[in-house]
Number of protein chains: 2
Amino acid sequence: MSEPAHPAQSRRPARTNATRQKLFDASMLLIGERGPASVTVDEIAAAAGVSKGTVYYNFGSKSEMIAALLEHGVEMLESRLVSLSPAAKAVDDLQEMLGAMLDFFAEYPSFAQLLVSEMWRTPGEWHETLTLLRERLVGVIGGAVERVAQENQVDTEITPASVAGAILGATFVIGLDRLVFHPDRSREQALAVVMTVIRGYLR
Amino acid sequence: MSEPAHPAQSRRPARTNATRQKLFDASMLLIGERGPASVTVDEIAAAAGVSKGTVYYNFGSKSEMIAALLEHGVEMLESRLVSLSPAAKAVDDLQEMLGAMLDFFAEYPSFAQLLVSEMWRTPGEWHETLTLLRERLVGVIGGAVERVAQENQVDTEITPASVAGAILGATFVIGLDRLVFHPDRSREQALAVVMTVIRGYLR
DNA sequence: CTACCAAAACTGACCGGTCAGTTCAAATAG
DNA sequence: CTATTTGAACTGACCGGTCAGTTTTGGTAG
């Protein structure tokens with residue numbers, strides 16, 4: 001019996017991490033493409049080259065596995081954003097950040113798709129998890145926006161927080177639009193459109 | 001046997017339209033909240049106060065019903081946008097249009113949610129339908145953007161079409177953000193943020 | 001080096017339940 | 001009279017979750 005009791009994340013029991021990574025990769029792809037509800041645990045397990053029982057051993061349920069997947073993805077994105085080398089001007093900093101986001105979405109399109117499809121679902125199975133994750137991203141971007149507001153003349157009618165939210169959302173949809181409807185569009189073009197939001201914020 | 005042969009849309013067989021409307025309302029709510037895959041046909045029929053058989057008589061399948069739902073919603077939105085009274089300046093025209101979009105999303109939040117969750121899904125069950133519908137909306141907005149480009153100095157590095165796409169996406173996410181995460185935010189504040197994109201486009 | 005062991009990790013057949021889709025005779029509305 | 005709706009039964013596939021049993025791992029003792 002031995003009560004599975006999910007292995008503490010702090011511990012690093014050899015195989016487990018590799019197994020989890022395989023499950024992340026497989027489920028990110030499948031779930032991004034067809035949605036959490038339409039993908040079966042059997043499919044995910046098969047795609048990861050692992051048995052169904054392993055999924056339930058590592059995560060307690062399908063729902064918890066998806067929550068962990070969401071967290072994992074946002075952590076990856078966040079760590080990329082904060083580890084960016086600071087530029088001379090705050091605007092350039094922000095631009096680099098948004099470029100990194102576009103790159104991330106291009107690298108993990110299924111994750112971006114999953115995020116937009118669940119982000120605003122209310123009531124949603126992962127709404128609380130997503131609210132927290134969103135706040136973290138808005139926080140990172142918001143910091144950069146505030147520095148822009150300090151260095152430049154900006155529209156004081158609009159709060160930095162709402163600008164950060166708009167930028168986050170706009171980057172999502174522009175990134176996905178480019179991947180799905182305009183594969184010809186270059187990274188620079190997409191970035192230019194995203195930066196339009198900032199330009200409109202400056203006075 | 002009698003082969004149901006879905007009633008031609010052009011015909012208006014009395015009760016049918018009322019039945020369809022009830023099904024639209026009920027399914028829009030349920031599907032927007034929990035996603036197409038998680039909602040059962042029995043649920044939708046019950047919520048619409050209609051029997052399951054009626055669903056299959058009017059639409060051939062669950063999938064076709066959802067496709068019809070998407071079309072119906074976009075048609076409603078489109079008809080609102082094109083019936084707007086033209087303003088003196090093209091920018092004001094665009095602003096009114098985006099305001100109407102925000103109002104529409106506030107009125108049918110579940111539809112907005114459904115649209116963002118399926119819009120970029122590839123391969124998706126309704127991807128072709130959605131591609132067409134998206135083009136129609138981008139077309140309407142794009143027209144207004146082009147008139148702005150004619151009346152004003154704009155950033156020629158960015159095409160009107162990509163601006164239209166960005167505006168459409170930004171309006172989606174800002175509208176949903178407001179409904180879900182910032183119910184305190186006023187319509188005017190949301191509109192101001194959306195208009196930021198246009199401001200950045202102007203030179 | 002090897003034999004052994006306990007815990008951790010993994011397996012996959014299996015179960016109970018759910019759901020889309022089908023059918024149809026009877027009722028109702030226009 | 002015809003088009004539409006009802007409601008209930010049925011099916012056949014599918015799916016999330018369980019669990020008894022198996023394999024792997026990392027360590028310990030001889």
Side-chain angles (χ1 to χ4, degrees), chain A residues 1-27 30-31 33-69 118 124-126, chain B residues 1-27 30-31 33-69 118 124-126:
Chain A
M1 206 55 47
S2 83
E3 178 68 33
H6 314 158
Q9 307 167 307
S10 50
R11 299 270 54 240
R12 309 204 144 255
R15 262 181 307 173
T16 303
N17 281 2
T19 299
R20 287 194 168 206
Q21 189 59 50
K22 284 193 290 183
L23 282 169
F24 279 133
D25 295 340
S27 57
L30 290 170
I31 292 172
E33 278 178 356
R34 290 167 26 215
S38 313
V39 177
T40 70
V41 176
D42 287 287
E43 265 177 315
I44 293 170
V50 145
S51 89
K52 188 179 188 173
T54 301
V55 173
Y56 286 90
Y57 177 80
N58 280 280
F59 309 93
S61 67
K62 183 184 180 180
S63 183
E64 282 173 70
M65 192 192 72
I66 290 168
L69 170 67
E118 297 302 321
E125 218 171 334
W126 306 280
Chain B
M1 204 50 53
S2 83
E3 179 67 32
H6 314 159
Q9 307 167 307
S10 49
R11 300 270 53 243
R12 309 202 142 256
R15 262 180 305 171
T16 304
N17 281 2
T19 300
R20 287 194 170 207
Q21 189 60 49
K22 283 193 290 183
L23 280 168
F24 280 133
D25 295 340
S27 56
L30 289 170
I31 292 172
E33 279 180 355
R34 289 168 24 215
S38 314
V39 177
T40 71
V41 175
D42 288 288
E43 263 178 317
I44 293 170
V50 146
S51 85
K52 188 178 181 177
T54 301
V55 173
Y56 284 90
Y57 178 82
N58 280 281
F59 309 92
S61 67
K62 183 185 180 182
S63 184
E64 281 173 71
M65 193 192 72
I66 290 169
L69 170 68
E118 297 302 321
E125 216 170 337
W126 306 280

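The sequence lines fix the lettering, A, B, ..., with proteins before strands; numbering per chain opens at 1.
Between the CG atom of A:L23 and the P atom of C:dA9 there is a distance of 14 Å, rounded to whole Å. One can place CD1 of B:I44 at 12 Å from C1' of C:dC19, the figure rounded to the nearest angstrom.
Among residues two or more places apart in sequence or in another chain, the salt bridge (charged side-chain N to carboxylate O under 4.0 Å, His left out) test is passed with B:E33 by none. In this view, B:D42 and B:K52 satisfy the salt bridge (charged side-chain N to carboxylate O under 4.0 Å, His left out) rule, not counting sequence neighbours. Qualifying side-chain contact (heavy atoms from CB on, under 4.5 Å) partners for A:S51, counting only residues two or more places apart in sequence or in other chains: A:T54. Contacts of B:E118 classified as side-chain contact (heavy atoms from CB on, under 4.5 Å), with partners at least two apart in sequence or in another chain: B:P36, B:L114, B:R121, B:W126, B:L130.
Remark: A:N58 is in phosphate contact with C:dC10, judged by side-chain N or O atoms under 4.0 Å from OP1 or OP2. In this model, the phosphate group of C:dC10 is approached by a side-chain N or O of A:T19 to a distance below 4.0 Å at OP1 or OP2.
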### Summary
For nucleotides 8-18 of chain D, 5' to 3', base contacts (B), sugar-phosphate-only contacts (S) and non-contacts (-) with protein non-hydrogen atoms under 4.0 Å give -------SBBB
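Atoms CG and CZ, on B:L23 and B:F59 in that order, are 5.5 Å from each other to the nearest 0.5 Å.
For the helix from C:dC1-D:dG30 to C:dG30-D:dC1, the end axes, each set by the C1' atoms of five terminal pairs, are bent relative to each other by 30° (nearest 10°).
Side-chain atoms of A:Q21 and A:D25 include a donor-acceptor pair closer than 3.5 Å.
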